[in-house]
Amino acid sequence: MSEKKRIAAIKGTKDILPKEARKWQRVEATAKRIFELYGYREIRAPIFEATELFEKGTGETSDIVIKEMYTFKDKAGRSLTLRPEYTPSIVRSIIEHRLYLQPDPLRFYFIGPMFRYDKPQKGRYRQFHQMDIEVFGEEAPAVDAEIVEMADYLLKTLKVTETEILVNSVGCQGCRPLYLKELREAAEKKRALLCPDCQRKITANPLRIFDCKVETCREAARGFPKITDFLCAECEANFDSFKAHLDSFQISYIVEPRLVRGIDYYTRITFEIISAKLGAQDAILGGGRYDDMMKVFGGPDICGTGFAVGMERLVSLAPFTREAEDFLYLAFLGDEAQEKGMALARFLRQNDLECLIEYKERSLRNQISRANKLGARWVLIVGEEEIKSGKYQLKNMATGNQVEVGKEDIIKVIRESA
RNA sequence: GUGGAUGUAGCUCAGUCGGAUAGAGCACCAGGUUGUGGCCCUGGUGGUCGGGGGUUCAAGUCCCCUCAUCCACCCCA
């Protein structure tokens with residue numbers, strides 16, 4: 001504590017303390033249950049991979065690869081990277097284990113930490129956690145719609161409200177380059193009206209001009225071409241079908257032609273679910289289709305689609321009612337009672353009852369006071385008299401009522417009152 | 001990487017114009033009550049005032065640097 005320099009958690013990381021971890025457990029359990037209902041199965045890949053995996057998968061022009069990766073050399077000189085996202089790992093795993101030759105559907109989910117060297121702020125951390133789901137080998141837009149529906153169901157189940165679903169199509173290798181060219185030309189004509197930042201974006205990433213908050217930029221951007229007007233016939237049909245399925249699910253969404261995913265591999269359908277309660281980092285989850293990644297890694301030509309949920313963001317939005325902890329505090333008086341008490345605690349735990357007992361002698365008043373502060377629902381008193389008679393005092397902390405019970409009846413009384 | 005705000009006890013925060021042993025509430029520990037919690041009363045533990053340097057007779061207070069946190073840009077979950 002009073003050492004010269006105390007060691008603190010690394011910038012952008014944080015401890016999830018027990019109270020908070022309880023929320024995470026609830027959210028994760030709910031998500032797993034729902035993912036499994038839709039036929040997804042858990043997959044777990046290593047936390048670090050060959051750096052090349054992300055350079056090729058996430059994309060060498062993406063911000064993530066250019067400036068946000070935790071890359072290091074191991075003792076043999078290999079370049080390794082703490083994963084900044086999960087999709088490339090899954091693709092690698094599928095190829096490595098030839099999972100596409102299995103009869104099982106290629107539907108996976110995953111929960112775990114990711115690492116990006118970003119400047120921390122609200123909803124953004126250097127170690128953060130994502131839940132990912134991915135489907136491979138299904139190109140029908142019905143599956144994209146089903147994914148959005150599943151995400152929607154997850155949020156509703158967790159009682160996350162006031163969210164918006166944004167959808168877009170970023171086109172394919174055929175139509176997107178054409179659009180970008182048109183957009184650049186349109187922006188170039190209005191260069192004088194744009195802020196310095198947006199002038200830079202004209203060449204770097206013209207789609208981002210749409211995000212600018214400067215009024216003159218917004219004004220100018222209104223006249224710019226939209227990707228949705230440039231989709232090729234196939235992409236347009238694909239997008240229309242996707243939207244039609246969402247309509248039949250009666251899921252409302254907003255077509256947002258400005259929705260660009262900052263990862264290079266996306267093709268066609270992309271989507272995001274946002275909440276205004278999150279601040280500047282407003283995406284709870286985001287995803288889309290990546291039809292070319294498997295090929296890029298020398299695997300079969302299998303398409304993929306999926307999304308990633310930001311756990312920190314989701315947990316912060318999910319309302320959480322703390323339930324009373326159903327546990328028993330065992331109060332003992334004297335050495336003999338301590339021995340008896342420890343044996344009793346063991347017995348109760350083996351009968352599936354959470355049980356706490358002190359390790360040093362304290363007054364009964366003190367013990368019951370502690371039981372109260374800790375939130376115990378029951379106190380079992382073990383003193384000399386109880387040991388003699390084999391009957392213990394079982395106190396209900398909420399009502400203050402106290403009954404005398406034998407060892408075998410403790411569990412019974414507690415279960416019956418629940 | 002750029003910009004702004006904030007750092008005083010475990011938590012929330014006072015601390016005047018630079019002035020004496022750095023405070024409060026909550027929390028924690030003990031006692032008031034030899035075998036019965038919550039309320040109340042009494043006492044106690046806990047701080048190198050984020051760190052370093054400077055100005056000054058004197059710095060929690062003023063100046064510089066640094067670190068951390070928060071917020072925003074960028075980008076994303």
Side-chain angles (χ1 to χ4, degrees), chain A residues 1-14 17 58 61-68 83-87 111-132 151 195-198 200-201 204-205 207-208 211-214 259-263 266 272-275 278-287 306-317 329 331-334 337 362-386 392-402:
Chain A
M1 194 77 171
S2 60
E3 307 303 290
K4 270 188 177 173
K5 280 182 186 170
R6 36 188 255 207
I7 299 171
I10 300 301
K11 187 188 184 90
T13 71
K14 64 170 183 176
L17 304 177
T58 309
T61 59
S62 67
D63 274 27
I64 291 175
V65 171
I66 294 170
K67 53 186 189 187
E68 297 175 5
R83 61 178 177 223
E85 59 146 348
Y86 201 62
T87 309
I111 302 176
M114 305 290 160
F115 306 84
R116 290 183 200 169
Y117 195 86
D118 241 337
K119 185 142 177 179
Q121 68 183 72
K122 187 179 177 70
R124 197 172 69 187
Y125 305 93
R126 289 185 173 178
Q127 175 177 333
F128 62 103
H129 299 76
Q130 286 187 334
M131 298 194 293
D132 255 71
C195 69
D197 208 29
C198 285
R200 185 182 54 77
K201 289 177 187 169
N205 194 345
L207 291 160
R208 288 280 166 209
D211 290 340
C212 190
K213 280 152 190 136
V214 177
L259 177 64
V260 193
R261 315 241 79 250
I263 298 175
Y266 284 107
E272 206 167 85
I273 299 185
I274 61 171
S275 165
L278 286 173
Q281 264 59 49
D282 62 356
I284 305 167
L285 64 89
F307 65 74
V309 188
M311 279 296 290
E312 283 80 1
R313 296 177 190 179
L314 180 59
V315 168
S316 77
L317 291 172
Y329 181 104
F332 65 86
L333 291 157
R362 290 170 178 275
S363 72
L364 183 62
R365 168 189 156 82
N366 189 288
Q367 290 185 78
I368 292 180
S369 172
R370 283 170 63 79
N372 180 55
K373 275 184 278 199
L374 295 171
R377 186 167 288 177
W378 303 92
V379 170
L380 188 73
I381 299 169
V382 181
E384 285 171 30
E385 294 162 27
E386 285 78 9
Y392 307 96
Q393 298 295 322
L394 180 61
K395 184 183 177 79
N396 180 320
M397 292 296 282
T399 62
N401 293 339
Q402 198 165 307

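In the text below, chain A, chain B and the rest are named by the order of the sequence lines, each starting its count at 1. A quick note: this is a predicted structure, and the numbers were derived from the prediction, not measured.
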* Asked: Looking across every strand, which nucleic acid part, if any, lies under 4.0 Å from A:Ile284 by heavy atom: base, sugar-phosphate, or nothing?
  -> sugar-phosphate

* **Residue A:Met397, side-chain atoms from C-beta onward, closest of B:rA72, B:rC75, B:rG37** => B:rG37

* Check every atom of B:rA77, B:rU36, B:rC75 against the side chain of A:Ala308 and return the nucleotide holding the closest atom. => B:rA77

* Indicate, with a heavy-atom threshold strictly under 4.0 Å, whether A:Gly12 touches base, sugar-phosphate, or nothing. => sugar-phosphate

* A:Asn366 side-chain N/O to B:rA30 phosphate OP1/OP2 under 4.0 Å -> yes

* Are A:Lys122 and B:rU69 close enough that a side-chain N or O sits under 4.0 Å from OP1 or OP2? -> no

* Between A:Gln121 and A:Leu364, which has a closest nucleotide on RNA chain B that is more 5'? -> A:Leu364

* **N/O donor-acceptor pair, side chain A:Lys119 with base B:rU2, under 3.5 angstrom** => yes

* Asked: Among B:rA77, B:rC74, B:rU36, which is the nearest nucleotide to the side chain of A:Arg313?
  -> B:rA77

* Under 3.5 Å, is there a donor-acceptor pair between the side chain of A:Gln367 and the main chain of A:Phe332? -> yes

* Atom-to-atom span, CG of A:Asp282 to P of B:rC71 - whole angstrom -> 14 Å

* Asked: Looking for any heavy atom pair under 4.0 Å, which part of the strands does A:Glu85 touch: base, sugar-phosphate only, or nothing?
  -> nothing

* Structure fact -> Distance col, row A:Met311:CE vs A:Tyr125:OH, nearest 0.5 angstrom, shows 12.5 Å

* Indicate, with a heavy-atom threshold strictly under 4.0 Å, whether A:Lys14 touches base, sugar-phosphate, or nothing. => nothing

* Asked: Nearest of B:rA77, B:rC73, B:rU36 to any side-chain atom of A:Gln402?
  -> B:rU36

* Which of the following nucleotides, B:rA30, B:rG35, B:rG37, is nearest to the side chain of A:Ile368? -> B:rG37

* Side-chain donor/acceptor contact of A:Gln281 with base of B:rC75 under 3.5 Å -> yes

* Give the rounded distance in Å between these two atoms: CG of A:Asn401 and P of B:rG37. => 15 Å

* Asked: Checking all strands, does A:Lys373 fall into the base, sugar-phosphate, or nothing category for heavy-atom contacts under 4.0 angstrom?
  -> sugar-phosphate

* Rounded interatomic separation in angstrom, taking CG from A:Leu259 and P from B:rA77 -> 10 Å

* Would you tell me if any nitrogen or oxygen in the side chain of A:Lys11 comes within less than 4.0 Å of OP1 or OP2 on B:rU69? => yes

* Separation of A:Asp118 atom CG from B:rU2 atom P, in whole Å? -> 14 Å

* To do: Please tell me which of A:Val309 and A:Gly383 maps to the more 5' nucleotide of RNA chain B, matching each residue to the nucleotide holding its nearest heavy atom.
  => A:Gly383

* Give A:Ala283 one of three labels, base, sugar-phosphate or nothing, depending on what nucleic acid heavy atoms sit under 4.0 Å from its own. => sugar-phosphate

* **Base B:rC75 to side chain A:Arg124, donor-acceptor N/O within 3.5 Å cut-off** => yes

* Nearest heavy atoms of A:Pro113 and A:Gln127, plus distance in Å -> CB-NE2, 3.5 Å

* Is A:Phe307 touching bases, backbone alone, or none of the nucleic acid, heavy atoms closer than 4.0 Å? -> nothing

* Side chain A:Arg370 and base B:rC28 donor-acceptor under 3.5 Å -> no

* Asked: Which part of the nucleic acid, if any, lies within reach of A:Glu272 when heavy atoms closer than 4.0 Å are counted: base, sugar-phosphate only, or nothing?
  -> nothing

* To do: Could you work out which one of B:rC75, B:rC73, B:rA77 sits closest to the side chain of A:Asp63?
  => B:rC75

* Asked: Is the base of B:rU36 touched by the side chain of A:Arg365 through a donor-acceptor pair closer than 3.5 angstrom?
  -> no

* Structure fact -> Here the distance between atom P of B:rU36 and atom CZ of A:Arg362, to the nearest Å, is 17 Å

